[in-house]
Chemist: 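This is the structure, below, for whatever I ask next.
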Amino acid sequence: MGLFWYFCSMLNMGKYEAVIGLEIHAQLSTESKLFCDDATSFGAAPNTHVSPITLGHPGTLPKTNTKAIEYAIKMGLACNCSIAKENYFARKNYFYPDLPKGYQISQHTTPICVGGHVTLNTKDGEKCIQLNRIHLEEDAGKSIHDQSPTHTLIDLNRAGTPLIEIVTEPCIHSAEDAFLYVTEVRKLVRWLGVCDGNMEEGSLRCDANVSVRLKGDPTLGTKVEVKNLNSIRNIKKAIEFEIERLIHLKETGGTIIQQTRSFDANNDTTFSIRDKEDANDYRYFPDPDLAPFNLTEAYIASIKAGLPSLPNELKSTWKSTYELSTYDIEQLCDNKEESDFFITLTKQTTHYKAAANWIIGPIREYLHETAQTYAQLYHAIPYLVELFNLVESGQLNFSVATSKVFKAVMENPQSPIQYAVDQNLIQSQSIEEIEMWINEVLAEHPEKVAAYKKGKKGLIGLFMGEVKKKSKGKADPKKTTQLLEEKLSS
Ligand code: ADP
Ligand code: MG
């Protein structure tokens, strides 16, 4: 197949529509496993969180962790699912070396959360991604293939860890939307505190199902499933690769076979790991050791009442309450600790835009540099409010406020006003003083002044910079520009 024919087939890409359905496994942040009290913490020495229940010893009795049920319901409510009242766990029988019982406990025909949707803000506007289900299941252990050339090692610490599997309908049509969807789901699970969303540690894993069909064709094409994608970037790349590969196959008369594939991050391609066998017969049956669990309306309502405001709700409230740009709002709704901090600030100041700018700029930078979290910043809120006032009233220059005063106040708690006065940082509002600095600057740069007068208006920036230097940042920029323009045009 020459390159020429490859490009010819790709010219027809526009005839096709991609269809994507995603399955996301999210490890719940419970302290203990789904059916026993082994710890779920990541990074422990191999095979140390392995009680007889985890190891599947005969005669042991599992018991359901109610926290996991609560977390699954939280996610379901946040995704507008309906919550099933009657639930049970089933055994899904299959043999796998890191599944010691010989079956996985899962919710087969009875997912705890049914339907629902996740709303995305795409560049083409809002899009609703329909969910099929969110169900609870236990994770398997881990087979380790890269530590010995001859043996596979097994770590069962992860076996029995609670997962929710969030399954979409086949309703996503681009790699870009898949990327946004997974980003949104990761944000939501973190927001709710039900999963840490850490893809590198495998707390969030995604399988992408991809097919293509001619635009307008209502039937679904044969799908391939790319397994265990462990970064959002790789999800996008794998889907992009698959869409192209499948269209190319169609255009060149090849047959698409239902396959399970894996992503190779070294060259951004996928490769087949197995052709789909006939439907597996897992012999599902309700686990006789676990009692079915029924949820009352009151219990579900109490979880609903305890949900935090969700990013999309905050976004629409903030849009109508504060005059903030869409960018600012998106930024502030990215992380719950940050949005909580913003909410607390807005209860103590009306300089909303200033609060947003400070958070997105200097505060983030400060927390990053000092490896602190928002929780450690609440005590400083009165100082921050004072700083906003100083800047907004023109008494303190923004960059002096952030680079000098803010840092000093954080190192050594003290009143920003007092510090600014002591350090002689309060900005000059006095016309005479600013004029004096301007006169000095203009006298020092006669050629630049002449050039400006001949039309090089861009030089205003240079004069501003010089005045700023000379005044040590104390010349009010608005007044300085105004005075400079007056002087230079005379
Ligand atoms: P399986 O039994 O193979 O896991 P499911 O019907 O449970 O398949 O679907 C798994 C995922 O695959 C879902 O997210 C679903 O939306 C998606 N899916 C199903 N059929 C297709 C298809 N033809 N093209 C793309 N995605 C699909
Ligand atoms: Mg699947």
Side-chain angles (χ1 to χ4, degrees), residues 13 15-26 75-76 79 81 90 92-94 96 104 106-118 120 127-137 139-140 163-182 184-186 188 204-229 232 235-236 238-250 254-263 270 272-284:
M13 275 191 85
K15 285 198 317 204
Y16 294 94
E17 175 184 58
V19 178
I20 301 153
L22 298 177
E23 299 164 88
I24 295 181
H25 287 95
M75 186 60 181
C79 296
C81 306
K92 179 183 183 182
N93 296 283
Y94 62 108
Y96 218 67
Q104 179 195 23
S106 177
Q107 291 187 311
H108 176 51
T109 47
T110 55
I112 185 162
C113 311
V114 183
H117 63 265
V118 172
L120 305 183
K127 279 190 193 163
C128 217
I129 305 301
Q130 298 298 329
L131 298 185
N132 172 280
R133 63 205 278 143
I134 301 176
H135 69 257
L136 273 163
E137 63 187 28
D139 208 347
L163 301 177
I164 45 174
E165 183 174 339
I166 308 157
V167 184
T168 74
E169 294 294 349
C171 66
I172 302 171
H173 300 293
S174 70
E176 179 62 28
D177 285 355
F179 180 92
L180 292 175
Y181 167 76
V182 182
E184 190 65 25
V185 167
R186 182 175 61 175
L188 263 181
L204 203 76
R205 312 192 288 272
C206 180
D207 302 338
N209 298 269
V210 185
S211 64
V212 295
R213 63 182 172 192
L214 283 172
K215 274 184 185 156
D217 184 349
T219 53
L220 290 170
T222 305
K223 67 165 181 165
V224 291
E225 180 171 5
V226 189
K227 280 274 185 204
N228 280 326
L229 293 159
I232 300 190
I235 294 169
K236 184 159 176 262
I239 294 173
E240 276 165 356
F241 179 82
E242 273 314 304
I243 294 174
E244 255 196 46
R245 192 182 68 84
L246 294 177
I247 291 178
H248 180 65
L249 267 175
K250 284 207 161 228
T255 359
I256 296 174
I257 28 179
Q258 194 168 332
Q259 270 177 341
T260 304
R261 300 178 71 91
S262 188
F263 182 67
T270 68
S272 170
I273 39 182
R274 56 179 176 268
D275 289 353
K276 190 95 177 181
E277 317 82 44
D278 292 333
N280 284 316
D281 186 356
Y282 295 116
R283 303 279 163 125
Y284 286 99

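Atoms considered below: every heavy atom in the structure, side chains included; atoms not considered: hydrogens, waters and symmetry mates. Read the numbers this way: they start at 1 and go in the same order the structure lists the ligands and their atoms.
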Chemist: Under the 3.5 angstrom rule, does the side chain of D207 hit a backbone N or O of N228 as a donor-acceptor pair?
Modeler: yes
Chemist: Near P170, which atoms of ligand 1 are under 4.0 Å from a heavy atom of that residue?
Modeler: 16 (O), 26 (N), 27 (C)
Chemist: Find out whether L120 and F179 are in side-chain contact, i.e. whether some heavy atom of one side chain is under 4.5 Å from a heavy atom of the other.
Modeler: no
Chemist: Does a side-chain heavy-atom distance below 4.5 Å link V210 with L246?
Modeler: yes
Chemist: Looking only at N/O atoms, are K223 and ligand 1 under 3.5 Å apart anywhere?
Modeler: yes
Chemist: Test your reading of the model: is there a side-chain donor-acceptor pair from Q130 to the backbone of E169, 3.5 Å cut-off?
Modeler: no
Chemist: Where on E169 is there a heavy atom closer than 4.0 Å to ligand 1, on the side chain, on the backbone, on both, or on neither?
Modeler: backbone
Chemist: Going by the atom numbers of ligand 1, which of them fall below 4.0 Å from some non-hydrogen atom of V167?
Modeler: 13 (C), 14 (O)
Chemist: Suppose I only count heavy atoms of G221 and a 4.0 Å limit; which atoms of ligand 1 are within that range?
Modeler: 23 (N)
Chemist: Could you say whether the N/O atoms of T222 and ligand 1 ever approach to under 3.5 Å?
Modeler: no
Chemist: Donor-acceptor pair, distance only, cut-off 3.5 Å: does the side chain of R261 make one with the backbone of T270?
Modeler: yes
Chemist: So is there a nitrogen or oxygen of T168 less than 3.5 Å from a nitrogen or oxygen in ligand 1?
Modeler: yes
Chemist: So, H117 side chain and C128 main chain: donor-acceptor pair closer than 3.5 Å or not?
Modeler: no
Chemist: Please could you name the atoms of ligand 1 that L220 approaches to less than 4.0 Å, counting only its heavy atoms?
Modeler: 23 (N)
Chemist: Could you see which bit of L22 sits under 4.0 Å from ligand 1, with heavy atoms only: side chain, backbone, both or neither?
Modeler: backbone
Chemist: Test your reading of the model: is there a side-chain donor-acceptor pair from N93 to the backbone of Y282, 3.5 Å cut-off?
Modeler: yes
